[in-house]
Amino acid sequence: MPSFDTKLDPNLDSVGNAVDTTGKEIGTRFDFKGTSAAVEFNKKDKQVIIFGDSDFQIDQVRDVLYNKLTKQKVDIRFMDVGKVEKIGGDKVKQVIKIKAGIEAELAKKITKLIKDSKLKVNASIQGEEVRIQGAKRDDLQAAMALMKKEITDAPLSFDNFRE
């Protein structure tokens with residue numbers, strides 16, 4: 001039975017490259033000279049940490065980061081921006097988690113969408129991905145098109161096609 005998997009799968013190497021180039025730009029820009037503006041990438045925890053002197057500076061660094069991520073072809077929708085936290089003195093930080101793997105709420109939304117569509121396909125949640133199975137490839141392609149159109153808050157990827 002033909003099938004494919006739907007999942008959230010960011011390219012962490014590209015995220016790392018974007019963070020590195022953001023750090024280089026912060027080091028050379030005049031408006032960041034003499035400030036504590038910095039950006040770090042924790043690949044193991046899948047998060048980017050932005051440091052700065054104020055909320056405004058955090059926003060500026062985040063804009064630079066988003067620009068670099070776009071150039072690396074990383075979808076901004078992978079970024080789950082946290083709150084700005086004080087870390088002592090007048091310094092602040094912001095943690096941005098990178099979404100990887102479909103959360104239970106989104107998986108339920110996808111399976112409900114597939115069931116309500118009246119397509120002759122089945123959707124089943126398998127860990128952090130959703131497997132779509134159907135008798136015809138055309139039905140699977142219609143399910144893909146439906147998900148791309150309806151699920152706009154997450155950059156879904158489709159892989160593991162089976163005949």
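Listed by chain and number, the residues in a side-chain contact (heavy atoms from CB on, under 4.5 Å) with D63 amount to none (sequence neighbours excluded). Residues forming a salt bridge (Lys or Arg N to Asp or Glu O under 4.0 Å) with D53 (at least two apart in sequence, or on another chain): K91. A search for side-chain hydrogen bond (donor to acceptor under 3.5 Å, both in side chains) contacts involving D59 returns R62, not counting sequence neighbours. Applying the side-chain contact (heavy atoms from CB on, under 4.5 Å) criterion to F30, with sequence neighbours excluded, gives no partner residue. In this view, K43 and D13 satisfy the salt bridge (Lys or Arg N to Asp or Glu O under 4.0 Å) rule, not counting sequence neighbours. Scanning for side-chain contact (heavy atoms from CB on, under 4.5 Å) contacts around E40 gives I49, F51, with sequence neighbours left out. In this structure, the salt bridge (Lys or Arg N to Asp or Glu O under 4.0 Å) partners of D75, at least two apart in sequence or on a different chain, are R77. Applying the side-chain contact (heavy atoms from CB on, under 4.5 Å) rule to N17 yields the partners Q72; only residues at least two apart in sequence or on another chain are considered. For E25, the salt bridge (Lys or Arg N to Asp or Glu O under 4.0 Å) test picks out R29, K68, with sequence neighbours left out.
Side-chain atoms of S157 come within 3.5 Å of backbone atoms of K7 as a donor-acceptor pair (strictly under, hydrogens ignored).
In this structure, G16 and F41 approach most closely via the heavy-atom pair CA-CD2, 3.7 Å. The two residues A154 and L106 make their nearest non-hydrogen contact at CB-CD2, 3.8 Å. Minimum interatomic distance between T22 and A18 (heavy atoms only, all atoms of both residues): OG1-O, 2.7 Å. In plain terms, the two heavy atoms of F32 and A37 that are nearest each other are CD2-CB, 3.7 Å. Summarising the geometry of A107 relative to I102, their closest heavy-atom pair is N-CG2, 3.5 Å, with the distance given to 0.1 Å.
Here the rule is side-chain contact (heavy atoms from CB on, under 4.5 Å) with V39, and of D20, I96, V19 only V19 fits it. Q47 pairs with exactly one of V95, V15, I98 by the side-chain contact (heavy atoms from CB on, under 4.5 Å) rule, that one being V95.
The closest side-chain heavy-atom distance from M79 to L69 is below 4.5 Å. The shortest distance between side-chain heavy atoms of P155 and L8 falls below 4.5 Å. Side-chain contact between E129 and D9 is absent, with no heavy atoms from C-beta onward closer than 4.5 Å.
One finds the OG atom of S3 at 11.0 Å from the CG atom of N122 (value rounded to the nearest 0.5 Å). Here the NZ-NZ distance, from K115 to K112, works out to 10.0 Å after rounding to the nearest 0.5 Å. For the atom pair E103 CD and E128 CD, the distance stands at 9.0 Å (nearest 0.5 Å). Note that OG1 of T111 and CD1 of I125 are 4.5 Å apart. Values are rounded to the nearest 0.5 Å. The structure places OG of S36 at 13.0 Å from NZ of K93, a figure rounded to the nearest 0.5 Å.
K99 NZ: more than 12 foreign heavy atoms inside a 6.0 Å radius.
For residues 84-122, no pair satisfies ring pair (Phe, Tyr, Trp, His ring centres under 6.0 Å), with sequence neighbours left out. For residues 134-163, the ring pair (Phe, Tyr, Trp, His ring centres under 6.0 Å) pairs, not counting sequence neighbours, are F4-F158, F4-F161.
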* Would V92 and I87 count as a side chain to side chain contact (heavy atoms under 4.5 Å, CB included) if you check the C-alpha gap in whole Å, the side-chain angles of each, and the deciding distance to 0.1 Å? -> CA-CA 5 Å; V92 291; I87 55 171; 5.7 Å; no

* Asked: Between N11 and K73, does a side chain to side chain contact (heavy atoms under 4.5 Å, CB included) hold up when you go through it step by step?
  -> CA-CA 9 Å; N11 185 343; K73 295 182 174 50; over 6 Å; no

Please list every donor-acceptor pair under 3.5 Å in which a side-chain atom of residues 132-150 meets a protein atom from a residue at least two apart or in another chain.
unit_1, atom_1, unit_2, atom_2, d
R137, NE, E163, OE2, 3.2
R137, NH1, E163, OE2, 3.4

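Placement of I58 and V61 within a single hydrophobic cluster is found when ILVMFWY residues are connected by side-chain heavy-atom separations under 4.5 Å, directly or transitively. Under the 4.5 Å side-chain heavy-atom criterion for ILVMFWY residues, a single connected hydrophobic cluster contains both V84 and V48.
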